[in-house]
Amino acid sequence: MTTKFRIRLKPLALMLVLIISLPAFAQKSQIQEAKVKASKMSEPVLCTIILPEEYSDPECQEAQYPVLYLLHGYGGNNTNWVSKKEDLPDMASQYGVIIVCPDGKNSWYWDSPVNKESQYETFITHDLVNFIDNSYRTIPEAGMRAITGLSMGGHGALFIALRHPDVFASCGSMSGGVDIRPFAEKWEMKAALGEYAQNKAVWDKHTVINLIPGLKTNQRIVFECGVDDFFIGVNRALHQAMLDAKIAHDYAERPGAHTWQFWCNALDYQMVFFSKAFDAFGQ
């Protein structure tokens with residue numbers, strides 16, 4: 001389970017943080033919770049952190065780990081992935097990776113130009129990454145960070161990573177709403193971007209598919225969607241846009257709809273993808 005890039009050493013960093021409770025943050029616990037200060041929002045953000053089982057092993061106290069940031073969908077919270085995918089702690093141990101699940105509320109993971117209390121792009125790329133790197137034994141490099149998510153979180157993961165390749169060298173999406181404009185009346189997006197008819201330029205700027213033309217990136221990208229999913233059309237369009245732009249990526253369609261059954265299965269594939277990416281960057 002201990003992979004070659006995790007033998008790199010660094011001293012443990014100490015950081016003052018807002019903690020839910022001492023037992024929730026105790027080093028012996030594989031699943032922890034922390035409230036992380038948000039520099040552009042008034043309230044801290046609740047996050048779930050899943051550690052490899054060996055993290056607290058005295059023989060592994062100098063080992064460092066890559067990090068997967070795993071985003072939830074609309075209507076969800078930081079506990080969704082742990083509660084729905086029961087083997088997530090086992091996967092953290094199997095692949096030797098720290099998994100971080102922030103509570104993105106219904107933000108779509110943008111820095112909202114409308115709501116100053118919904119600034120999640122900054123929170124994830126700056127506040128959360130810095131908190132994790134200073135609180136845990138990570139490898140603090142873009143090549144050792146990945147981000148993915150489901151539905152709203154799939155959009156958020158690609159939107160954030162493609163705009164911040166210096167922070168995330170690998171990214172993915174599962175059933176992502178990768179073009180928001182056909183769904184302008186749904187899922188509270190207007191609360192973050194304003195009415196579509198009066199703010200088309202803002203909506204164009206905040207949708208993943210519009211990041212692709214002219215994009216030059218060496219990031220590792222993987223995304224997928226079920227053939228019965230209402231987002232299948234926009235995912236196919238994103239796949240074609242990346243082909244046209246000659247952006248390397250892995251894209252898959254499989255039987256399934258917009259369901260946890262599909263997402264839990266999809267994460268199994270993506271964990272292999274990200275593990276190989278971490279190995280490649282660690283060479």
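Predicted model, so just to flag it, every value in this text is computed and none were measured. Note: hydrogens, waters and symmetry copies are ignored here, and every other heavy atom, side chains too, is used.
- For the residue pair A146 and F278, the shortest heavy atom distance occurs at CB-CZ, 3.8 Å.
- With respect to the salt-bridge test (charged N to carboxylate O, under 4.0 angstrom), the residues D127 and K37 do not qualify.
- Taking the side chain as every heavy atom from C-beta outward, M41 and Y120 approach each other to under 4.5 Å.
- In this structure, E59 places its CD atom where only 12 or fewer heavy-atom neighbours from other residues, nucleotides or ligands lie under 6.0 Å away.
- Considering CD1 of I99 and CG of L51, their distance stands at 9.5 Å, rounded to 0.5 Å.
- Between D87 and K85 there is a salt bridge, with a side-chain nitrogen of the basic residue lying less than 4.0 Å from a carboxylate oxygen of the acidic one.
- No more than 12 heavy atoms of other residues, nucleotides or ligands lie within 6.0 Å of CG in N218, so this atom counts as exposed by the packing criterion.
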| request: Under the salt bridge (charged side-chain N to carboxylate O under 4.0 Å, His left out) rule, what do R145 and D133 come out as? Steps first, then yes or no, please. | output: CA-CA 10 Å; R145 296 190 200 104; D133 283 345; 2.7 Å; yes
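- Formation of a donor-acceptor pair under 3.5 Å by the E33 side chain with backbone atoms of C47 is not found in this model.
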| field | Candidate pair W110 and H155, rule ring pair (Phe, Tyr, Trp, His ring centres under 6.0 Å), full reasoning | value | CA-CA 10 Å; W110 296 309; H155 166 277; 5.5 Å; yes
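- For the atom pair CD1 of I221 and CD1 of I247, the computed distance is 6.0 Å after rounding to the nearest 0.5 Å.
- Annotation: side chain of V167 is not in contact with side chain of I160 (no heavy-atom distance under 4.5 Å).
- At least one donor-acceptor pair closer than 3.5 Å links the side chain of Y55 to the backbone N or O of R137.
- Remark: side-chain polar atoms of N106 are not paired, donor with acceptor, to backbone N or O of Y74 under 3.5 angstrom.
- Comment: E43 does not engage K35 in a salt bridge, judged by the lack of any side-chain N to carboxylate O separation of less than 4.0 angstrom.
- M271 contributes atom CE, which lies 4.5 Å from atom CE of M91 (distance to the nearest 0.5 angstrom).
- Checking side-chain atoms of D111 against main-chain N and O of T122 turns up a donor-acceptor pair under 3.5 Å.
- A heavy-atom distance below 4.5 Å is found between the side chains of W187 and W108.
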| Stepwise salt bridge (charged side-chain N to carboxylate O under 4.0 Å, His left out) check, E117 with K40 | CA-CA 7 Å; E117 290 300 326; K40 294 175 68 175; over 6 Å; no
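- Note on L150 and F273: same hydrophobic cluster, where clusters join Ile, Leu, Val, Met, Phe, Trp and Tyr whose side-chain heavy atoms are under 4.5 Å apart, directly or indirectly.
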| query | Does the pair W81 and H72 meet the rule for a ring pair (Phe, Tyr, Trp, His ring centres under 6.0 Å), with working shown? | reply | CA-CA 7 Å; W81 274 106; H72 65 78; 9.9 Å; no
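- Judged by distance alone, the side chain of T217 and the main-chain N or O of Q219 form a donor-acceptor pair under 3.5 Å.
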| said: Using the rule given for side chain to side chain contact (heavy atoms under 4.5 Å, CB included), can you reason through V67 versus I139, listing the C-alpha separation, both sets of side-chain angles and the distance that settles it, and then say yes or no? | reply: CA-CA 8 Å; V67 184; I139 304 174; over 6 Å; no
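- When all heavy atoms of P102 and L71 are compared, the closest pair comes out as CG-CD2, 3.6 Å.
- Under the 6.0 Å cut-off for aromatic ring centres, Y69 and F168 qualify, their centroids lying closer than that.
- Neither side chain, Q261 nor N265, offers a donor N or O lying under 3.5 Å from an acceptor on the other.
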| message | Between F230 and H258, is the ring pair (Phe, Tyr, Trp, His ring centres under 6.0 Å) condition met? List the steps. | response | CA-CA 7 Å; F230 50 79; H258 209 73; 4.4 Å; yes
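- The CD1 atom of I132 sits 8.5 Å away from the OG1 atom of T138 when rounded to the nearest 0.5 Å.
- Counting heavy atoms from C-beta on, the side chains of L68 and T148 come closer than 4.5 Å.
- Remark: E253 engages V227, I232, R236, Y251 in a side chain to side chain contact (heavy atoms under 4.5 Å, CB included) (not counting sequence neighbours).
- Not a single donor-acceptor pair under 3.5 Å links the side chain of E86 to the backbone N or O of V82.
- E54 places no side-chain N or O within 3.5 Å of a backbone atom of A63 that could act as its donor or acceptor partner.
- Side-chain contact between I31 and T48 is present, with at least one heavy-atom pair separated by less than 4.5 Å.
- No single ILVMFWY cluster, assembled from side-chain heavy atoms under 4.5 Å apart, contains both V114 and W203.
- For the residue pair S93 and Q30, a side-chain donor N or O sits within less than 3.5 Å of a side-chain acceptor on the partner.
- Side-chain polar atoms of H164 and E121 form a donor-acceptor pair below 3.5 angstrom.
- Across all their heavy atoms, C225 and F262 have their closest contact at C-CZ, 3.4 Å.
- The structure places CG of L158 at 9.0 Å from CD1 of I147, a figure rounded to the nearest 0.5 Å.
- When all heavy atoms of C101 and I50 are compared, the closest pair comes out as SG-CD1, 4.1 Å.
- With values rounded to the nearest 0.5 angstrom, M152 atom CE is found 13.5 Å from S175 atom OG.
- Side chains of M242 and F223 form a contact here, defined as non-hydrogen atoms less than 4.5 Å apart.
- Annotation: side chain of L243 is in contact with side chain of H249 (closest heavy-atom distance under 4.5 Å).
- When all heavy atoms are compared, the tightest approach of L193 to P113 is CD2-CD, 4.0 Å.
- Under the 4.5 Å side-chain contact rule for hydrophobic residues, L162 and L128 share a cluster.
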| request: Please assess Y109 against F123 for the test ring pair (Phe, Tyr, Trp, His ring centres under 6.0 Å), listing each intermediate value before the final yes or no. | output: CA-CA 9 Å; Y109 302 98; F123 172 74; 9.8 Å; no
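- Each of N80, N78, T79 was scored for a side chain to side chain contact (heavy atoms under 4.5 Å, CB included) with D103, with one residue passing: N78.
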| said: I'd like to know whether R181 forms a salt bridge (charged side-chain N to carboxylate O under 4.0 Å, His left out) with D204, so could you lay out the CA-CA distance, the side-chain angles of the two residues, the decisive distance to 0.1 Å, and finally the verdict. | reply: CA-CA 8 Å; R181 296 165 299 178; D204 288 345; 3.1 Å; yes
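- When all heavy atoms are compared, the tightest approach of C60 to Y65 is CB-OH, 4.1 Å.
- Remark: side-chain polar atoms of H206 are paired, donor with acceptor, to backbone N or O of V202 under 3.5 angstrom.
- Of the possible donor and acceptor atoms, one in the side chain of T207 sits under 3.5 Å from a partner among the backbone N and O of I180.
- Between Y95 and F274, the closest side-chain pair of non-hydrogen atoms is not below 4.5 Å.
- Checking side-chain atoms of R220 against main-chain N and O of D250 turns up no donor-acceptor pair under 3.5 Å.
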